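Structure first, then comments.
Keep in mind that what you see is a predicted model, and the values were worked out from it rather than measured. Chain A is the first sequence line, chain B the second, and so forth, proteins listed ahead of strands; every chain is numbered from 1.
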Amino acid sequence: MSLLELRNIYKIYGDLHALDDVSLTVEKGEWVSIMGPSGSGKSTMMNIIGCMDKPTKGEVLLDGVNIAKESAKNLTGIRRDKIGLIFQQFHLVNYLTAVENVMLAQYYHSMPDEKEALEALDRVGLADRAKHLPSQLSGGEQQRVCVARALINYPEIILADEPTGNLDEANEEIVVDLFHKLHNEGTTLIVVTHDPEVAEVAQRTLVLRNGKLHKEVINQNFTGKIQFEDRQEVQPHA
Amino acid sequence: MKRSSMYLRMITASLMRRRSRMLVALLSIAIGATILSGLVTVYYDVPRQMGAQFRSYGANLIMTGTDGAFTTEDMAKGLAAVPADALVGAAPFRYENVRIHEHPVVAAGTDMAGAMATNPFWRVEGEWCSSDGQLLVGKQIAESFRLKTGETLTLSYTPENTEAAEDVTLDLTITGILDTGGSEEEYVYLSLHDLETLTGEAGTLDVCELSVQAQAEELKQYAGQISNAAPGISAHLVKRVTASETTVLSKLQALVLLVTVVVLALTMICVATTMTAVVTERRKEIGLRKAIGASDKSIITEFMGESMLLGGLGGILGAGLGFVFAQQVSLRVFSSDIRFQWLIVPVTIAVCIIVTGLSSVLPIRSATEVDPALVLKGE
């Protein structure tokens, strides 16, 4: 059984078909990129997979459960237990420190554990920035806190919406490397991106156009490592 | 770490690390709480303050004998029935007909200190009597006999029920002329001891005027206690004084209560507006919390916790500042200090927490309606 399966999904706003008969499957431990121009339906698909929206028609099976038919309350629970979210704008709570932001996800999930949250920050290379507020962190560091928060509850899927959209190349590479590590540990990754270089590091790239699945590309030379064509040098930190 | 510890950590962090934002909210609550606790303090202290003011209008309780005269022992028993801290003054009076230059006048024997305390509105030209052998003359008597302070006046008394043919006389020095605008101006006042010397009869009184700091109901209670204390006496309220005192007090308290209710309503509106602003500017954060798995209940608990903590802090601040406010009002209006009412502190804090909580209900409910998908996209 696939971890995620979308069966003939439609999302219709009036006359607009944001998603138009989209079907796809994502296996456990797979790294999938979703690409497409603005308005292609990427975010709509992301919201549906992330249990933040429901399709107008069709089935969304997450771990065998059709989340398209679940109540808003149950969707919150599914999101909390099975999905780790990473956002383009980072979205950290600005008055909580890095470690508290990670613990926030634990708080809603089960029990806050500062030691474990610090370990998660250590995994993303931010152990020494744990007590800093988001305003004291660079964009790259904030995104890494966001990654630590997403992985703290061992979700079934990590869903990243343009995770490198606001980062420079150096931080982009750090974040992609983190994804690579998570993938190697068996985490399922779905990454929505505009950036072909980020998309191409995944095992499979799905291209959306006008709400339809336009193309599916299998990365035969999958390494999980980003390749910058014209990059001159890489800064180790932000 | 326990969930409750994290909860406290979050809500305190929200207040402490967003100081400038929260200061505005705290200020609005604290100002409301200040005026509220100040007015409530004044409300509760008004009877005491006004009671003190009313005491300058003279006696509000009269003690008389059930069969005419009564004894000083009866008076002492009656006075013992009134709490010492409520008794402003007690003036015993014994009236006798005496003569000045063969003209009959009424002489009142009294305790001058008690008369002075009971009747602070009595104006004396000259000085009050401070010892035996002195006399206070009513203004009308002074004008009739052209008497002046410092002069010596002879009072003559014809003993009753005796066969002695000669009058008894007593020379007294006039220390002051009494100006009250009332019937008191038609009497001469001397010490009880001098009157007893003049009449040769000791230990009896006609009336005792009491000035008691208490409201009408308490006064009635004291009157009952006095009447029960000694069988030979009965006590009555001076209705002219107590009724007007009660009316003025109840109207003043009603006015303060009305202002308090209006302030409470305004505070609620102000806090609700502030909380709405706080929730609105944190829509993204609420969206994020919902996106990472916060239930509606969690969002309500967190925001309500913040509001109530804010309310509590505002209440503590307001209770302290409210006393300062009440003190200023008291000093300016009543020219006296106000009593610190400890009970107002927890009441103010509790009211602030409840008001802030109630004012936050609607904004917080709207917070739970935030769609995480829309907010996180910045729409």
Proximity breakdown for B:R289 and chain A, heavy-atom pairs closer than 4.5 Å: both
Name the option with the most non-hydrogen atom pairs under 4.5 Å to chain A; the candidates are B:M16, B:R282, B:E302, B:K290. B:E302
Can you classify the ring geometry of A:Y10 versus A:H17 as parallel (below 30°), tilted (30 to 60°) or perpendicular (above 60°)? perpendicular
Measure distances from B:S298 to the heavy atoms of chain A and classify the residue's part below 4.5 Å as side chain, backbone, both or neither. side chain
Counting heavy-atom pairs under 4.5 Å with chain B, which one of A:I83, A:T97, A:L96 comes out on top? A:L96
Portion of B:M10 that has a non-hydrogen atom of chain A nearer than 4.5 angstrom: both
Mind listing the closest non-hydrogen atom pair of A:P134 and A:N94 along with its distance? CD-O, 3.7 Å
Answer yes if the side chains of A:E100 and A:Y95 hold a donor-acceptor pair under 3.5 Å, and no otherwise. no
Sort A:L92 into side chain, backbone, both or neither according to what part of it lies under 4.5 angstrom from a heavy atom of chain B. backbone
Taking the side chain as C-beta and beyond, is there a heavy-atom pair between B:E306 and B:M22 under 4.5 Å? yes
Does the side chain of B:Q253 come within less than 4.5 Å of B:V256's, by heavy atoms? no
If you measure from the Lys or Arg side-chain nitrogens to the Asp or Glu carboxylate oxygens, is any gap between A:K69 and A:E59 under 4.0 Å? no
What part of A:S110 lies closer than 4.5 angstrom to a heavy atom of chain B: side chain, backbone, both or neither? backbone
